[in-house]
**Q** 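The structure is given below, and queries will be raised subsequently.
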2 protein chains.
Amino acid sequence: MSLPHALLGLLAVQPRSGYELTKVFEQDLGRYAWQAGHTSIYPELNRMAEKGLVEVTSEGARGSRTYAATDAGRAELRTWLMSPPTQAKVRNEQVLRMFMLSALEPADALVVLQRIAETTDRAAAELRKVREAEPDALTGPEGFGQLAAEYGLRQYEAVRDWAGWAIERLEREA
Amino acid sequence: MSLPHALLGLLAVQPRSGYELTKVFEQDLGRYAWQAGHTSIYPELNRMAEKGLVEVTSEGARGSRTYAATDAGRAELRTWLMSPPTQAKVRNEQVLRMFMLSALEPADALVVLQRIAETTDRAAAELRKVREAEPDALTGPEGFGQLAAEYGLRQYEAVRDWAGWAIERLEREA
DNA sequence: GGCCGACGTGTCAAGACTGACATGTCGGTG
DNA sequence: CACCGACATGTCAGTCTTGACACGTCGGCC
């Protein structure tokens with residue numbers, strides 16, 4: 001169960017409300033690492049507060065509650081992060097599609113690969129532009145930091161290069 | 001719901017039994033793209049057979065049933081693969097850990113990053129060795145093909161490079 | 001002052017997934 | 001020929017996740 005750890009990690013860096021946390025999951029975090037909607041976040045925050053992993057530090061307008069990680073929460077987070085990597089759970093629909101391409105006719109597969117190459121290339125360019133134009137946007141309340149941006153960039157580039165390799169391979173076979 | 005599509009993709013390439021499918025999910029497919037245990041695979045196969053997406057082509061020893069994709073199944077698979085990429089579902093505990101590193105003390109984060117770099121580097125080397133030593137193992141009933149191997153390799157290398165970048169960045173800050 | 005969109009939190013039913021448990025078969029080794 | 005490990009399929013309860021629905025608030029624009 002990774003959601004509590006994800007929330008703990010976010011709240012250890014800076015206090016946020018459930019609503020703000022939801023926004024983060026819609027950005028880089030949800031795109032590369034772990035997705036979650038507000039319908040799982042709010043109940044989870046309540047459960048974690050009961051367990052003493054997080055606490056409400058202030059209440060704002062419109063009934064908003066700002067949470068922060070407690071010492072117990074930080075300890076739990078550290079334990080999780082420092083523990084040896086077990087066989088991780090992976091679920092990535094995009095990658096699944098790529099793996100299934102060999103089930104298509106080569107001509108169809110080529111079309112899809114081409115689209116993948118284009119899409120990821122565009123995404124990488126976009127990310128590079130954002131990072132250079134406004135580096136602060138990445139560290140703001142919704143962005144997730146330089147680490148994530150760099151990871152995403154390298155990820156896109158790797159996929160684009162892989163797609164290019166696959167296209168070349170398919171064309172050589174034809 | 002991606003599991004049926006994953007099964008369809010596998011069965012479109014070659015007929016397999018539920019047991020064999022389970023094995024594939026324990027290999028590359030489950031490691032990079034989508035994991036599933038036999039407890040979800042068997043019921044799903046039955047559902048898909050009812051819908052006419054797959055069919056039992058032969059029954060072997062120990063009650064084993066070999067499934068193959070039907071024409072309807074292939075059509076469904078093609079539709080799915082050719083349709084424009086929607087916002088994909090991503091869930092990767094390993095990546096989540098990486099994203100949460102900024103919540104740790106730099107010294108701790110460094111330790112974890114170093115371990116990530118080592119682990120992925122070893123995994124990449126391993127994969128490279130397997131591919132060169134016995135390229136046929138990749139295309140056998142359990143392997144998932146050159147495409148997957150290449151993807152995994154590039155993936156590992158990207159993560160390793162990213163970790164190296166992050167380590168350098170952390171050390172420069174210190 | 002009314003309206004609307006973003007803010008902000010929540011429930012609930014339906015569906016998906018995991019891990020524990022269950023059951024039986026075939027092939028090879030000692 | 002007894003045993004064991006791999007083969008092979010299955011159920012089920014508990015948990016997690018998703019999507020639909022629900023409700024109220026604040027700020028800004030017309």
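Each chain gets a letter, A, B and so on, in the order its sequence line appears, and its residues count up from 1.
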**Q** Show the nearest heavy-atom pair for residues A:V54 and A:L45, with the distance to one decimal.
**A**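 Shortest heavy-atom contact: CG2-O, 3.9 Å.
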**Q** Given atom CD of A:E59 and atom C1' of C:dC7, what is their separation to the nearest angstrom?
**A** 16 Å
**Q** Could you check if a side-chain atom of B:V95 sits within less than 4.5 angstrom of a side-chain atom of A:Y151, using non-hydrogen atoms only?
**A** yes
**Q** In whole angstrom, give the distance that lies between atom CZ of B:R16 and atom P of D:dT9.
**A** 14 Å
**Q** Could you run through nucleotides 10-22 of chain D and give me one letter per nucleotide, 5' to 3': B if any protein heavy atom sits under 4.0 Å from the base, S if only the sugar-phosphate is that close, - if neither?
**A** BB----SSBBB--
**Q** Mind calculating the distance between NZ (B:K23) and C1' (D:dC7) to the nearest angstrom?
**A** 8 Å
**Q** Do you see a donor-acceptor pair shorter than 3.5 Å between the side chains of A:H5 and A:E76?
**A**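 Present: a donor and an acceptor within the cut-off.
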**Q** If the threshold is 4.0 Å, N to carboxylate O, is there a salt bridge linking A:R91 and B:E93?
**A** no
**Q** Roughly how many Å is it from CZ in A:R62 to C1' in D:dG24, rounded to a whole number?
**A** 11 Å
**Q** Does a nitrogen or oxygen in the side chain of B:Y19 sit under 4.0 Å from OP1 or OP2 of D:dT9?
**A**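 Negative; the distance criterion is not met.
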**Q** With a 6.0 Å cut-off (strictly less than), is the heavy-atom count around CD of B:E105, excluding the residue itself, greater than 12?
**A** no
**Q** Answer yes or no: is there a side-chain heavy-atom contact under 4.5 Å between A:R97 and A:L101?
**A**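 Not in contact.
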